[in-house]
There are 2 protein chains.
Amino acid sequence: MVKKENLTQKQSDVLREIYEFIAANSYSPSVRDIAQVLGFSSPKGAGDHLAVLEKKGYIQKNSSARSIRLTEKSLWYLGVQNPSLEKNVDYLPLLGSIAAGKPIFTEENIQEYVPISAQIMGKTKGQFLLKVKGDSMSGDHIIDGDTLVVKTQNTAENGNIVVALVNNGAVVKRFYKHDDGVIELRSSNPLYEPIVAEDNLMIQGRVIAIYRNIF
Amino acid sequence: MVKKENLTQKQSDVLREIYEFIAANSYSPSVRDIAQVLGFSSPKGAGDHLAVLEKKGYIQKNSSARSIRLTEKSLWYLGVQNPSLEKNVDYLPLLGSIAAGKPIFTEENIQEYVPISAQIMGKTKGQFLLKVKGDSMSGDHIIDGDTLVVKTQNTAENGNIVVALVNNGAVVKRFYKHDDGVIELRSSNPLYEPIVAEDNLMIQGRVIAIYRNIF
DNA sequence: TAAATTGCTATACAAATGTATAGCTAAATA
DNA sequence: TATTTAGCTATACATTTGTATAGCAATTTA
């Protein structure tokens with residue numbers, strides 16, 4: 001499961017209501033609009049939530065009327081697309097170097113939110129981006145600097161290219177589970193030895209797409 | 001020339017200002033915001049223009065603060081894209097099988113327009129997408145089914161991966177020009193013979209990025 | 001256990017905002 | 001020529017709106 005604990009349930013409700021309002025009206029709700037839908041009798045309740053949401057980076061606003069804007073972070077958090085007219089773009093978090101022992105979707109791990117075409121990508125719920133380091137998967141034509149689109153999942157089928165967390169951090173490998181239960185993570189470059197099952201091996205997701213810039 | 005006579009110059013100015021404001025702020029201007037930029041000393045001047053623009057179908061609004069929305073008609077009129085999307089997404093044509101002897105950017109060639117993240121792609125002017133067929137470039141880790149992002153240009157430097165039009169259609173190859181002027185298009189898979197210069201060889205563009213779906 | 005945070009109610013207020021009234025000039029139209 | 005339309009100025013006003021003050025209860029954190 002992806003960790004989304006950065007917001008409380010109430011804060012999440014408020015954020016979702018803002019999204020719903022903008023999706024329906026194409027302009028931002030007022031503080032009182034939010035309070036009314038959430039059942040608050042005072043604008044202050046909603047106003048306090050807005051302040052928290054802004055501090056945590058989920059919205060932007062200023063002192064003008066109806067000036068709330070959803071950030072890319074909130075679009076990813078809600079698992080929704082940009083509410084403004086076109087329905088083609090999703091936002092995926094680009095993760096930096098993933099350290100072992102910590103949840104993968106922590107604040108420090110997320111470098112930026114990248115808009116991705118839903119049209120060529122399909123549904124992007126629970127996906128993230130990861131930069132490839134090294135040439136251990138060159139046999140699968142995945143090379144250093146490539147950006148991977150990873151679908152979050154904690155199991156895999158034999159032969160899947162997965163992102164896994166082992167002792168020394170995150171690795172990209174082909175997944176194989178033997179009959180005796182031993183898990184093997186194979187590089188597709190023969191120069192690299194396979195990693196054999198360890199207790200603390202955790203599958204983070206499956207690679208479903210690759211992006212590469214050629215300069 | 002497309003007729004754009006449905007609006008007067010002043011009305012057009014007001015409409016453009018609304019667009020500029022939304023593009024800059026991601027929320028609608030107030031009546032007074034518009035009046036100020038246009039140099040009116042009264043909100044009524046701007047308000048009258050808004051009423052006309054709404055009656056003519058260029059905007060929608062209600063009595064709420066900052067509730068102006070641009071219609072598709074106005075986006076077309078101004079020759080712009082949705083201001084909230086324009087920052088992040090460009091549309092690139094995905095070309096089908098390119099036949100020799102015809103211009104590359106014909107209507108029949110364009111299968112669809114794919115929204116592409118400008119953030120990971122950079123400037124996309126004059127670019128197009130092309131599906132790879134065959135494994136002749138597998139040595140460069142470009143394989144069958146990959147989608148190429150191609151920058152339109154009719155020259156290339158040695159070693160560039162280019163899209164070229166030869167007798168039998170479009171090919172993706174590495175470009176080399178010898179001292180004697182002979183042009184050689186090399187596959188990176190040794191199983192394929194190089195193509196040597198022909199009179200009707202035309203460079204269409206250079207490959208600047210690759211996208212691949214893994215199922 | 002003490003302090004901070006969350007999540008509100010109730011009330012108030014100044015500023016922002018949409019809209020109305022009245023009227024003016026210049027240009028276009030009938 | 002008379003009338004309408006476009007394009008404003010000046011002023012006013014009722015809401016809408018963001019925000020502040022004061023306070024309370026429950027929960028979480030230190």
Side-chain angles (χ1 to χ4, degrees), chain A residues 3-18 20-22 24-71 74 77 103 106-107, chain B residues 3-18 20-22 24-70 74 77:
Chain A
K3 261 236 166 187
K4 290 189 176 179
E5 303 291 289
N6 201 14
L7 294 184
T8 65
Q9 183 59 49
K10 286 296 172 117
Q11 289 162 1
S12 180
D13 290 347
V14 172
L15 184 62
R16 185 166 298 277
E17 170 52 27
I18 295 170
E20 298 289 352
F21 190 101
I22 295 177
N25 299 286
S26 299
Y27 59 88
S28 167
S30 67
V31 178
R32 282 168 182 79
D33 287 336
I34 297 168
Q36 190 183 32
V37 174
L38 276 281
F40 304 161
S41 60
S42 164
K44 190 60 171 22
D48 285 351
H49 277 116
L50 294 184
V52 173
L53 287 172
E54 183 169 33
K55 202 176 70 184
K56 291 187 176 178
Y58 288 86
I59 63 171
Q60 292 180 339
K61 60 188 286 299
N62 58 30
S63 61
S64 292
R66 299 179 182 277
S67 64
I68 301 171
R69 285 145 286 161
L70 296 174
T71 62
S74 64
Y77 177 87
T106 54
E107 210 63 23
Chain B
K3 263 236 168 184
K4 292 191 176 180
E5 304 290 289
N6 201 14
L7 294 185
T8 66
Q9 182 59 47
K10 287 292 173 119
Q11 290 163 0
S12 180
D13 291 346
V14 172
L15 184 61
R16 186 166 297 277
E17 170 52 28
I18 295 170
E20 299 287 354
F21 189 102
I22 296 177
N25 300 285
S26 299
Y27 58 88
S28 167
S30 68
V31 178
R32 281 169 184 80
D33 286 335
I34 297 168
Q36 190 182 31
V37 174
L38 276 281
F40 304 162
S41 60
S42 164
K44 191 61 170 25
D48 284 352
H49 277 115
L50 294 184
V52 173
L53 287 172
E54 184 169 32
K55 202 175 68 181
K56 291 187 176 178
Y58 287 87
I59 64 172
Q60 292 179 339
K61 60 188 284 300
N62 58 31
S63 61
S64 293
R66 298 179 182 277
S67 64
I68 302 171
R69 284 144 287 162
L70 296 173
S74 63
Y77 178 87

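Lettering follows sequence order; numbering is per chain, from 1. Note that this is a predicted model, so its numbers are computed, not measured.
Residue contacts shown for Gly45(A) include a base, since a base heavy atom lies under 4.0 Å away. Nucleic acid contact class of Ser42(B) (heavy atoms, under 4.0 Å, all strands): base.
Phosphate contact (OP1/OP2 of dT17(D), side-chain N/O of Lys61(A), threshold under 4.0 Å): absent. Between dG7(D) and Gln11(B), a contact under 4.0 Å exists linking OP1 or OP2 to a side-chain N or O. Contact between the side-chain N/O atoms of His49(A) and the OP1/OP2 oxygens of dG7(C) is found at a separation under 4.0 Å. Between Ser41(B) and dC8(D), a side-chain N or O to OP1/OP2 separation shorter than 4.0 Å is absent. OP1 or OP2 of dT17(C) has at least one side-chain nitrogen or oxygen of Arg66(B) nearer than 4.0 Å.
For Ser63(B), taking side-chain heavy atoms from C-beta onward, the closest of the listed nucleotides dT19(C), dC8(C), dC8(D) is dT19(C). Here dT21(D) is the nucleotide among dT21(D), dT17(C), dG7(C) with the atom lying nearest to any side-chain atom of Lys44(A). The side chain of Pro43(A) approaches dT11(C) more closely than any other nucleotide in the set dA6(D), dT11(C), dC13(C). With dT6(C), dG18(D), dG7(D) as the choices, the nucleotide that has an atom nearest any side-chain atom of Thr8(A) turns out to be dT6(C).
Annotation: of the two residues near DNA chain C, Ser67(B) and Asp48(B), the 5′-most nearest-nucleotide partner is Ser67(B). Mapping Arg32(B) and Leu38(B) onto DNA chain D via the closest heavy atom, the residue that lands nearer the 5' end is Leu38(B).
Lys10(A) places its NZ atom 15 Å from the C1' atom of dT5(C), with the value rounded to the nearest Å.
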Exercise for review: Verify ring-ring contact (aromatic ring centres under 6.0 Å, His included) between Tyr27(B) and Tyr27(A), making sure each step is shown before the conclusion.
Suggested key: CA-CA 7 Å; Tyr27(B) 58 88; Tyr27(A) 59 88; over 10 Å; no

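Residue Glu54(A) places its CD atom among more than 12 non-hydrogen atoms of other residues, nucleotides or ligands, all under 6.0 Å distant.
Not one N or O on the side chain of Arg69(B) forms a donor-acceptor pair closer than 3.5 Å with the backbone of Ser26(A). Side chain of Ser67(A) to main chain of Asn62(A): a donor-acceptor pair is present (N/O by atom type, distance under 3.5 Å, no hydrogens or angles). Thr71(A) places a side-chain N or O within 3.5 Å of a backbone atom of Tyr58(A) that can act as its donor or acceptor partner.
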